[in-house]
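Bear in mind that the values here come from a model prediction, so they are computed numbers and not experimental data. So that the names make sense, note that chain A is the first sequence line, chain B the second, and so on, each numbered from 1.
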Amino acid sequence: MHMEKPLYITTTLPYVNAEPHVGFAMEIIRADVIARYHESCGRDVFFNTGTDEHGQKLLADAEKAGVPVKEYVDRFAEKFRELAPLLGISDTVHFIRTTDTHHEFAAQEMWRKCDAAGYIYKKNYEAKYCVGCELEKTDSELDENGRCPIHPNKDLEIINEENYFFAFSKAASLLEKLYAEKPSLVVPDFRFNEMKAFLSRGLQDFSISRLKSKMPWGVAVPGDDAHVMYVWFDALTNYISTLGWPQSIEASHEGDTEDLYEKFWVNGEKVQYCGKDNTRQQSMMWQAMLLAAGLPTTDTVVIDGFINSGGQKMSKSLGNVIRPAEVIALFKDASQFPEDVLRFVLLHDIPSFEDGDMTLDSVSRSYMTYLANGIGNLTSRIMKMATSYGVTISEAVPVYMPEVAVQFANYDLTLGMKEIQSRVSTIDEKIAVYQPFKTIKEDEAKAKLQVEELLIDLRQVAYTLSPFLPRTAKEILLLIRENKMPEKPLFGRLS
RNA sequence: CGCGGGGUGGAGAAGUGGUAUCUCGCAAGGCUCAUAACCUUGAGAUCGUCGGUUCGAAUCCGGCCCCCGCAACCA
């Protein structure tokens, strides 16, 4: 097997002003599955996630809560850090916070590079401001009379302040070239087409700073004490600051001379996962920043859809928000692997690239059909025969189901999951055809061969399942190796 | 003409030119290895609508009618 390039894979960084959302859970789980898969194939993998912690909203929220802002974000960052083990994310995941000192330094270095290349300039920023809401309003946020819909009796103030801008328009030709050079930069195709269409309509420069006097919660703009960076400019830099860029800080205090940035960002394959709301930021703005700074661009931005519930967008006001912990809690009595249940429904029931739907009801149904009656029951029936008839199989190099391996290349994990599911179904049918429990009475040797074949099938299913449902897969492989029945059902019935 | 997604048996979905598939539910049968599970068979869809292209369209093209995102908590 030839040595493949090291793989860098990252999620976006969730903004820490709310409880972890199931949409983010899906994003990090999908990235985790990819990371685990490539790791098991022998590749060096750097898997990144973290938290985005600057900006107006957090400052306001902290003030409202009467807590110093740093303390406030520390609290939330901890909740997100705890999310990873809860979701069964690989413990090799790196966690970057945009309030980390070395990240802030990196964001400033990114600014300097873009500035030195002539991509940053200062100009007047004009915005409409509603004193009722105490917020800037864009035209699209105003009603048909050009007034704030919440405070239609108050006149809008026009505010005028000097901001730094990123010369997005100047990067247009570089982006065009990039899009031509990397035909699978954005997956799926239709998202890439959206970006190409957006690019062809012309780019507007965007503001990348805020007046510190009004909004101090941000990274200082190098050389200008009056401004802090707008949260996007700072946050996007995390994808390389996590690797120690611009200096390999991680290397220096571990006495390890390996330069992670060089290894993964310069010489590796770079993959980013994000939700569809982030398409433009990841596949245009961030790429433009990298191009401006003269740094290598991302190789693939994989974009997944949103999760609705009961046909509607999840919202607090509708009360249909599903939190990841809630789903896990629902199965903690029925199964030893409740986090694998969440992983399963997100990976199997939600399409890889389009919007999906999920309710506590649909989750339970899916659990019963595919986990309890599917893989769980199949494991019990095969292991029962294997243990009663004393059939074992010798250790062998496990191989992924080829039809699933193909889907990793396409980032279509949902289809991969369905391939595994259909294989489970095929094995159930095979048992009905072979009827080893009958054969054993007439021809013991033949029955044992049949069960051996079933064990080999089960082992391949379990091995293929391991990036998706790591704990479940590990348990099944262990049962096969030790020739044991599950002590209790892998996925028990819901009471 | 702002951008995008979608309308397929009772419910939820798959399916981008060639006999309409899966899950749930329903009906009948089988099996007993298994978590009252599993297997087989059946009933049930004029694939939103009108028109066009084609030997042939859910699938391609055009018109129309609905639903949902993109703007607030929120990915």
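Separating the P atom of B:A71 from that of B:C3 is a span of 15 Å, rounded to the nearest Å. Distance check on atom P: B:C31 versus B:G18 gives 40 Å, rounded to whole Å. Here, B:A75 and B:A27 have their C1' atoms 44 Å apart, quoted to the whole Å. Atom P of B:G63 sits at a distance of 39 Å from the matching atom of B:C74, rounded to the whole Å. B:U49 and B:G7 have their C1' atoms separated by 11 Å, given to the nearest Å. B:U16 and B:G52 are spaced 26 Å apart, taking the P atom of each and rounding to whole Å. Separation of the P atoms belonging to B:U54 and B:G9 is 30 Å when rounded to the nearest angstrom. The separation of B:C55 from B:G48, taken at their P atoms, amounts to 24 Å, rounded to a whole angstrom.
Whole-Å rounding puts the A:Arg365 CZ to B:U23 P distance at 14 Å. B:C38 atom C1' lies 10 Å from atom CD of A:Glu429, rounded to whole Å. Across the protein-nucleic acid pair, A:Glu354 atom CD and B:C70 atom P stand 17 Å apart, rounded to whole Å. Atom CZ of A:Phe190 is separated from atom P of B:G6 by 7 Å (rounded to the nearest Å). What separates CG of A:Asn278 from C1' of B:C74 is a distance of 13 Å, to the nearest Å.
Side-chain proximity of A:Thr369 to B:C39, B:C38, B:U23: nearest is B:U23.
For A:Arg210 and A:Tyr230, the positive end sits near the middle of the six-membered ring, less than 6.0 Å away and at most 45° from its axis. A:Lys196 forms a cation-pi arrangement with A:Phe192, by the criterion of a distance under 6.0 Å to the ring centre and an angle within 45° of the ring axis. For the pair A:Arg280 and A:Phe198, the cation-pi criterion (under 6.0 Å, within 45° of the ring axis) is fulfilled.
The aromatic rings of A:His348 and A:Tyr370 sit tilted, their planes meeting at an angle between 30° and 60°. A tilted orientation is assigned to the rings of A:Phe166 and A:Phe168, their planes being inclined by 30° to 60°.
In this structure B:A45 sits in no base pair that meets the Watson-Crick or G-U test at under 3.5 Å. As the counterpart of B:U53, no nucleotide is assigned, since no Watson-Crick or G-U wobble pattern has both distances under 3.5 Å. The partner of B:U23 is B:A11, by the rule that a Watson-Crick or G-U pair needs both atom distances under 3.5 Å. Under the Watson-Crick or G-U wobble criterion, with both distances below 3.5 Å, B:C3 is paired with B:G69.
The residue among A:Ala197 and A:Lys441 whose nearest nucleotide of RNA chain B is located toward the 5' end is A:Ala197.
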